[in-house]
Student: 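The structure follows.
Read the numbers this way: they start at 1 and go in the same order the structure lists the ligands and their atoms.
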Amino acid sequence: MSASPTAVASSIRTSALGPVARAAGRSGRHPNISFEFFPPKTAEMEESLWAAVRRLAPLNPAFVSVTYGAGGSTRERTHRTVRRLIEETSLKPAAHLTCVSASRAEVDEVIRDYWQSGVRHIVALRGDPPGGVGGAYAPHPDGYANATELTAAIRRMGDFEVSVGCYPEGHPEGDLNRDIDVLKAKVDAGATRAISQFFFDIDAYLRFLDRVRAAGITIPIVPGIMPVTNFKGLVKMSEAVGTSVPAWLASLFEGLDSDPDTRRLIACSVAAEICAKLEAEGYNDFHFYTLNRADLTYALCRVVGVHETGNT
Ligand code: FAD
């Protein structure tokens, strides 16, 4: 029996769908999203952060995290941003905290301050050497040596949810085997979730997940999704944090240095494809590095099936 023209047309349309359209057509999606912001330096940056918060809040993220500048340089600004999120929105903030250049007593004071301000979720990180990524890390003589010790301290001090970092392509100072042992130690110390460094190699991410699960680590591992608009900046950052930049990504951005509009369109399409492919593998949690801008993240949330709920 030959297929009707309509059936043929529809089968052609279906087989031609890419991962984004296939994801949109999938039923029973239960995505969990979260956003990362950084504390603003200037009044203008403050304005754009809060515009992004207002635009993204109705998407009802599980939490929004606020980074902590290298060496604790943004301690006050991080705290102020987190406090304002608590006071002015119904979002659940997760405050990043590092061990760098601070004694245990100083870090403990920050943890206590967070608790008193109503923060119940901390992203516990060791942090990078004060001279920047790449230098040798030396813990403060009276400080927490690493994220494992910090996680244990946070859990001792209050009933916090603790997220930690993980590195699908390996942390630049370690090797993947040791990193997985370290992730296990962070879980044993009380970590409840791991958020990944950004990546573009989905196979490497999936292999990493296999190794993590084989090591008996069962906490949620949430992929960090970075929409890339500044390719030159990305190459520098990726080198520092150990993320590989595939040739196909470089070729997409080739010749677009003075064309930010096209770069943004490409950024969205690349990140959308990563999300949709992860979703096709059955992963529904996504942590978006917003860079304090709403538009790309807002579009990506639609790709993973998140629409406004009207909650702010
Ligand atoms: P750890 O988990 O402590 O590991 C660091 C390195 O030391 C790894 O190579 C590990 O294998 C090794 N190691 C740890 N413990 C041991 C041990 N007992 N024995 C031997 N080796 C060990 N940085 C900031 O400054 N501010 C931020 O807000 C921030 N946010 C981040 C958010 C995410 C999601 C991620 C993934 C990273 C973030 N970073 C931030 C960067 C982070 O601080 C750096 O990657 C840092 O170099 C490592 O931090 P960590 O918490 O992963 O360290």
Side-chain angles (χ1 to χ4, degrees), residues 34-40 63-79 81-82 93-102 107 110 114 119 121-140 143-154 161-199 205 208 211-212 215 217 219-226 237-243 285-292:
S34 51
F35 304 133
E36 180 184 289
F37 298 113
F38 64 86
F63 64 91
V64 295
S65 81
V66 182
T67 61
Y68 201 72
S73 55
T74 66
R75 175 177 162 164
E76 288 314 318
R77 279 187 280 130
T78 299
H79 207 143
T81 306
V82 166
H96 291 215
L97 179 59
T98 72
C99 314
V100 181
S101 305
V107 172
V110 176
Y114 279 143
V119 176
H121 183 173
I122 294 182
V123 184
L125 301 145
R126 185 200 67 182
D128 288 313
V133 190
Y137 185 83
H140 185 285
Y144 294 113
N146 51 46
T148 309
E149 290 191 7
L150 178 61
T151 298
I154 296 167
E161 193 177 339
V162 180
S163 295
V164 291
C166 66
Y167 305 87
E169 298 179 73
H171 181 270
E173 287 166 40
D175 64 68
L176 212 44
N177 286 329
R178 191 181 70 182
D179 289 350
I180 288 175
D181 290 345
V182 167
L183 181 58
K184 178 92 171 62
K186 293 195 271 196
V187 175
D188 292 343
T192 48
R193 173 193 295 98
I195 303 172
S196 90
Q197 187 58 273
F198 66 89
F199 60 91
Y205 180 76
F208 171 73
R211 294 178 69 165
V212 165
I217 298 167
I219 58 167
I221 309 290
V222 183
I225 306 294
M226 172 81 87
M237 200 191 328
S238 298
E239 262 168 32
V241 302
T243 295
D285 291 0
F286 301 93
H287 185 69
F288 294 105
Y289 295 115
T290 68
L291 306 178
N292 292 3

Student: Kindly confirm or rule out a cation-pi arrangement of Arg126 over Tyr144, judged by NZ or CZ under 6.0 Å from the six-membered ring centre and within 45° of its axis?
Tutor: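 No cation-pi geometry.
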Student: Is there any N or O on Ala147 that sits under 3.5 Å from an N or O of ligand 1?
Tutor: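 Min N/O separation from ligand 1 is below 3.5 Å for Ala147.
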Student: State, yes or no, whether a side-chain contact exists between Val222 and Arg193 at a heavy-atom distance under 4.5 Å.
Tutor: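 Yes, their side chains come closer than 4.5 Å.
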Student: Can you confirm whether Phe37 sits close enough to Leu291 that some side-chain heavy atom of one is under 4.5 Å from a side-chain heavy atom of the other?
Tutor: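 A side-chain contact under 4.5 Å is absent here.
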Student: In the protein, what heavy atom is nearest to atom 18 (N) of ligand 1, and what distance, to one decimal place, separates them?
Tutor: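 In this structure, atom 18 (N) of ligand 1 has Asn146 ND2, 3.7 Å as its nearest protein heavy atom.
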Student: Only heavy atoms count here, so choose which of Tyr167, Phe198, Tyr137 is nearest to atom 42 (C) of ligand 1.
Tutor: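 Minimum heavy-atom distance to atom 42 (C) of ligand 1 goes to Tyr167.
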Student: Using a strict 4.0 Å cut-off to heavy atoms of Gly165, name the atoms of ligand 1 that fall inside it.
Tutor: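 Those atoms are 36 (C).
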Student: Identify, for atom 34 (C) of ligand 1, the protein heavy atom at the shortest distance, and state residue, atom and that distance.
Tutor: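 Answer for atom 34 (C) of ligand 1: Tyr289 OH, 3.5 Å.
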Student: Among all protein non-hydrogen atoms, which one is nearest to atom 32 (C) of ligand 1, and what is the separation to 0.1 Å?
Tutor: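 Checked against all protein heavy atoms, atom 32 (C) of ligand 1 sits closest to His96 CE1, 3.7 Å.
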Student: Could Glu173 and Arg178 be called an ion pair, given the rule that one side-chain N must be under 4.0 Å from one carboxylate O?
Tutor: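 Judged by the 4.0 Å cut-off on N to carboxylate O distance, Glu173 and Arg178 do not form a salt bridge.
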Student: Below 30° counts as parallel, above 60° as perpendicular, anything between as tilted: where do the rings of Phe199 and Tyr205 land?
Tutor: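 Ring orientation, 0 to 90° scale: parallel.
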Student: In this structure, does ligand 1 have an atom that sits under 4.0 Å from one of the heavy atoms of Gly224?
Tutor: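 No, Gly224 has no heavy atom closer than 4.0 Å to ligand 1.
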Student: Could you tell me if the side chain of Leu125 sits less than 4.5 Å from the side chain of Val164, heavy atoms only?
Tutor: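 Result no, sub-4.5 Å side-chain heavy-atom pair not found.
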Student: Is there a side-chain contact between Cys99 and Tyr137, using heavy atoms and a 4.5 Å cut-off?
Tutor: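 Yes; the side chains approach each other to less than 4.5 Å.
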Student: Could you tell me which atoms of ligand 1, counted from 1 in the order shown, lie closer than 4.0 angstrom to a heavy atom of Gly174?
Tutor: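 It comes down to these atoms of ligand 1: 9 (O).
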Student: Considering heavy atoms of the protein only, find what lies nearest to atom 47 (O) of ligand 1 and give residue, atom and distance to 0.1 Å.
Tutor: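 I find the closest protein heavy atom is Asp128 OD1, 2.5 Å.
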Student: Does the residue Lys186 have a heavy-atom contact with ligand 1, meaning some pair of atoms that are separated by less than 4.0 Å?
Tutor: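 Within the 4.0 Å threshold, so yes.
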Student: What protein heavy atom is closest to atom 26 (N) of ligand 1, reported as residue, atom name and distance in Å?
Tutor: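 Minimum-distance protein heavy atom for atom 26 (N) of ligand 1 reads Tyr68 O, 2.6 Å.
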Student: Using modelled atom types and a 3.5 Å cut-off, is there a donor and acceptor pairing between side-chain atoms of Asn292 and backbone atoms of Phe38?
Tutor: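 Answer holds: yes.
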Student: Would you say the side-chain atoms of His287 and Ser34 include a donor-acceptor pair closer than 3.5 Å?
Tutor: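 Side-chain D/A pair, His287 to Ser34: present.
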Student: Got the closest protein heavy atom to atom 8 (C) of ligand 1, with its distance?
Tutor: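 Heavy-atom neighbour on the protein nearest atom 8 (C) of ligand 1: His171 ND1, 3.6 Å.
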Student: Consider every N or O of Thr67 and every N or O of ligand 1, then say whether any pair is closer than 3.5 Å.
Tutor: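 In fact, backbone or side chain, Thr67 has no N or O that close.
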Student: With nothing but distance in play, are any N or O atoms of Arg126 less than 3.5 Å from an N or O of ligand 1?
Tutor: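 Among all N and O atoms of Arg126, at least one is under 3.5 Å from an N or O of ligand 1.
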Student: Could you check whether any side-chain heavy atom of Leu97 comes within less than 4.5 Å of a side-chain heavy atom of Val123, counting everything from C-beta outward?
Tutor: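 No, every pair of side-chain atoms sits at 4.5 Å or beyond.
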Student: What protein heavy atom lies closest to atom 11 (O) of ligand 1? Include the residue and the distance to one decimal.
Tutor: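 Checking every protein heavy atom, the shortest distance to atom 11 (O) of ligand 1 gives Asp179 OD1, 2.8 Å.
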Student: Does an N or O anywhere in Thr148 fall below 3.5 Å from an N or O of ligand 1?
Tutor: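 Looking only at distances, the answer is no, because the N/O contact criterion of under 3.5 Å is not met.
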Student: Do Thr78 and His96 have side-chain atoms, one donor and one acceptor, less than 3.5 Å apart?
Tutor: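 Looking only at side-chain atoms, His96 and Thr78 do not form any donor-acceptor pair under 3.5 Å.
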Student: Considering only non-hydrogen protein atoms, determine which one is nearest to atom 29 (C) of ligand 1 and report residue, atom name and distance to 0.1 Å.
Tutor: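 In this structure, atom 29 (C) of ligand 1 has Leu125 CD1, 3.3 Å as its nearest protein heavy atom.
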Student: If you measure every N/O of Glu173 against every N/O of ligand 1, is any gap under 3.5 Å?
Tutor: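 N/O-N/O distance under 3.5 Å: no.
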Student: Val182 near ligand 1, heavy-atom distance under 4.0 Å?
Tutor: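 Checking ligand 1 against Val182, which is what was asked, there is a heavy-atom contact under 4.0 Å.
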Student: Would you check whether Ile195 has a nitrogen or oxygen atom less than 3.5 angstrom from a nitrogen or oxygen atom of ligand 1?
Tutor: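 By distance alone, the answer is no.
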Student: Answer yes or no: does an N/O atom from Gln197 fall short of 3.5 Å to an N/O atom of ligand 1?
Tutor: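 In this structure, Gln197 places no N or O atom under 3.5 Å from an N or O of ligand 1.
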Student: Please answer whether the main-chain N or O of Pro39 pairs with a side-chain N or O of Arg77 as donor and acceptor at a distance below 3.5 Å.
Tutor: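 A pair under 3.5 Å: yes.
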Student: To the nearest 0.5 Å, tell me how far Tyr167 OH sits from Ile180 CD1.
Tutor: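 It comes to 13.5 Å.
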Student: For ligand 1, which atoms sit closer than 4.0 Å to a heavy atom of Thr98?
Tutor: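 Reading through ligand 1 atom by atom, the close ones are 24 (C), 25 (O), 26 (N).
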